[in-house]
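Order of appearance sets the numbers: ligands from 1, and atoms from 1 within every ligand.
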Amino acid sequence: MGASEHLSFCVGARAPTEDTGDASPYKNMKKPFYITTPIYYVNDVPHIGHAYTTVAADILARYKRLQGYEVFFLTGTDEHGQKVQQAADKRGIPPQQHADELVVRFQDLWKRLLISNDDFIRTTEQRHRSVVQTVLKQLWDKDLIYIGMYQGWYCLPDERFWTEEELREGKCPECGRPVDRISEKNYFFKMSQFQKTLQQYIKNHKNFIRPESRRNEVLGFLEKPLGDLCISRPKVRLEWGIPLPFDSDYVTYVWVDALVNYISAMGYSTEPKRFKKWWPVDYHLVGKDILTTHAVYWSTFLRALDLDFPKCLFAHGWWTVDGEKMSKSKGNVVDPNAIIDELGPDAFRYFLLREVPFGQDGNFSREALIQRYNSDLANDLGNLVSRTLTMIEQFSDGIIPQAPFSRTADISNIIQGLRDSLEDVINRLEFHRALGEIWKLVDRINRYIEEMAPWNLAKKTRERERLETVLYTVAEALRFIAIYLSPFMPNTAKEIFHSLGLDPLPPDALSPQVRESALGGAPLAGKHIRKGSALFPRIEKKSGVALQSSTIESASTTSKKSCASIEDFRKLDLRVGKVLSAERITGSEKLLKLIVDLGTEQRQVVAGMAKKYPPETLIHKKVIVVANLKPTRLMGVESQGMILAAGDKEVAALATFLEDVEPGTTIR
Ligand code: MSP
């Protein structure tokens with residue numbers, strides 16, 4: 001088999017007509033695929049738990065797009081209710097202002113984490129509020145809401161009522177905090193009426209609630225009589241919510257409000273054609289703690305509205321931190337931004353989904369993160385990419401050669417089998433196994449290089465054809481790795497494609513059309529490789545920034561700045577620096593590596609200016625350097641100072657001087 005045959009084998013190994021299974025993407029060409037995350041409370045800044053679901057949903061969305069589905073990926077924020085009201089009260093600002101400030105933290109984080117959501121819904125938006133009111137009106141008109149007296153135990157932080165029997169040692173069974181006895185007039189949804197239908201449906205549809213252990217939990221819950229659900233809160237007690245359309249003294253219970261986001265964003269009752277296209281949702285991804293609200297409350301609402309149940313409701317596990325529950329009071333809340341600063345978005349995405357099977361609980365620790373980074377990313381993948389490029393550079397003048405011989409059989413088998421095995425495990429949301437499958441190819445190719453020792457082949461002219469076959473095989477394997485890795489690590493996939501001299505990866509590279517034309521007909525042989533800096537520079541375990549955050553108190557966008565004394569100010573060693581060189585840092589859109597002349601010495605400084613300034617525009621610029629900051633590492637690159645610029649999260653303008661000044665001059 002020659003190089004051209006390698007290509008025809010490329011990704012499109014199976015013809016569309018051969019597919020018979022229902023799960024086949026060929027039959028489902030351009031079929032809509034709708035996926036959601038929970039909408040997150042804006043009572044505090046986002047943490048690793050929020051990032052987890054959102055990254056998982058993003059991987060699924062990207063994978064389905066790659067297969068040629070028309071994907072709609074929804075996320076957003078839950079902005080009403082007691083928790084948000086309390087957080088705003090604590091800051092002494094109106095809840096809407098609080099929500100407006102906090103929502104940016106989520107939106108910014110999703111951008112940094114390369115989240116490809118198609119919409120972002122906020123429950124305070126009019127498009128949502130009006131659908132919530134329509135839904136309530138419809139249930140009221142159907143006589144599925146009634147007014148009653150509520151007497152019960154109320155957990156304020158959880159915003160949930162409990163019956164006497166449900167309390168654990170007189171406290172909230174969920175969070176263990178004290179509860180208040182409350183008796184008041186309220187509105188109820190006739191949830192009990194739908195118990196049997198729901199039970200039956202879950203029993204008949206094995207894949208509705210997953211994983212299976214969670215499905216059993218819900219079935220267990222439904223063994224007991226299901227009560228009706230209190231869906232209102234008197235305004236005297238809570239004002240921050242959507243008013244009931246039939247009684248303006250009440251607002252909607254925050255969970256009713258929140259759950260409706262899944263249909264309000266899709267045009268329920270406002271855009272019937274659009275809604276019909278997307279509903280029922282393919283996957284609701286949620287954490288295990290909010291499974292009941294989804295499996296029971298949401299399902300019964302849907303049934304009451306004569307809407308189909310979701311196709312799948314998947315509950316994932318929880319992260320602990322160093323073996324402990326994450327909590328503000330313990331100060332161990334993991335800040336995703338700090339991890340991205342240090343390792344970049346791809347490494348973080350990789351860790352989240354590789355470390356723990358989706359569905360099970362897992363533990364986060366800095367050691368585990370660095371261990372995974374160094375072994376899987378720096379050693380295995382990063383090394384494979386860099387040695388491949390170096391060999392092509394050294395032994396083939398930087399051009400990927402034709403492959404005169406056929407590929408080693410077991411490598412062909414791995415590549416051939418990968419597409420199907422990935423489809424299988426990703427459809428079951430076994431992300432860790434999907435990555436494991438991809439790494440089998442990474443490992444095999446690393447071993448193949450050792451076995452074939454191209455550096456020895458290169459010494460003998462008569463081994464030229466074998467050498468070319470090895471180089472081609474390795475480059476081709478890397479292309480497959482990049483395609484399959486692209487939903488998990490979008491930037492890395494992009495970098496690998498770029499370094500192989502290829503055009504950007506088509507977003508639907510695994511769809512039948514693209515696969516048949518062998519990835520848009522891009523032949524590898526003859527491509528000029530483009531070598532950049534290392535994808536994943538090794539990280540020393542000891543170095544690095546603190547990953548714990550950053551709660552609303554410390555990270556608030558409007559927190560009042562405390563006064564600095566003149567002594568505080570004098571502690572800073574501010575100097576004039578002259579930029580000698582500037583280059584982008586691989587894998588980061590934002591960061592530049594600068595070498596700056598401080599008069600007596602040169603410093604390496606990492607600056608977040610890449611979006612504002614192309615590196616070459618900074619050469620010879622005079623800048624203000626904070627010269628006595630403790631060195632830190634960003635994306636694996638040491639930074640020995642900081643450069644000042646105007647702007648908050650984004651750089652607006654570099655601070656510089658009107659006159660020419662000598663590098664090293666002190667700034668007062
Ligand atoms: N606003 C509701 C959801 C409404 S959906 C219609 C809510 N918001 S939340 O911000 O408190 O939590 C959102 C998600 O974060 C939940 O799925 C929850 O499971 C997840 N996590 C919170 N802490 C977590 C961990 N420590 N680990 C993993 N996920 C965690 O609930």
N or O contacts of ligand 1 with protein under 3.5 Å, please list pair by pair.
residue: ligand 1; atom: 1 (N); partner: Ile39; partner atom: O; Å: 2.9
residue: ligand 1; atom: 1 (N); partner: Asp78; partner atom: OD2; Å: 2.7
residue: ligand 1; atom: 10 (O); partner: Tyr41; partner atom: N; Å: 3.1
residue: ligand 1; atom: 10 (O); partner: His50; partner atom: NE2; Å: 3.1
residue: ligand 1; atom: 17 (O); partner: Gly287; partner atom: N; Å: 2.9
residue: ligand 1; atom: 19 (O); partner: Asp289; partner atom: OD1; Å: 2.5
residue: ligand 1; atom: 19 (O); partner: Trp318; partner atom: NE1; Å: 3.1
residue: ligand 1; atom: 26 (N); partner: Trp319; partner atom: O; Å: 3.1
residue: ligand 1; atom: 27 (N); partner: Trp319; partner atom: N; Å: 2.9

Could you check whether His128 and Thr123, counting side-chain N and O atoms only, form a donor-acceptor pair closer than 3.5 Å?
no
Do the charged groups of Asp361 and Lys325 touch, with an N to O distance under 4.0 Å?
no
Output all residues satisfying salt bridge (Lys or Arg N to Asp or Glu O under 4.0 Å) with Glu324, sequence neighbours left out; order by chain, then residue number.
Lys330
Residues two or more places apart in sequence or in another chain: which of them pass ring pair (Phe, Tyr, Trp, His ring centres under 6.0 Å) with Tyr63?
none
Here the salt bridge (charged side-chain N to carboxylate O under 4.0 Å, His left out) pairs for residues 293-321, sequence neighbours left out, are Lys142-Asp306, Asp282-Lys311
For Tyr41 and Phe106, the nearest pair of non-hydrogen atoms, with its separation, is O-CZ, 3.6 Å
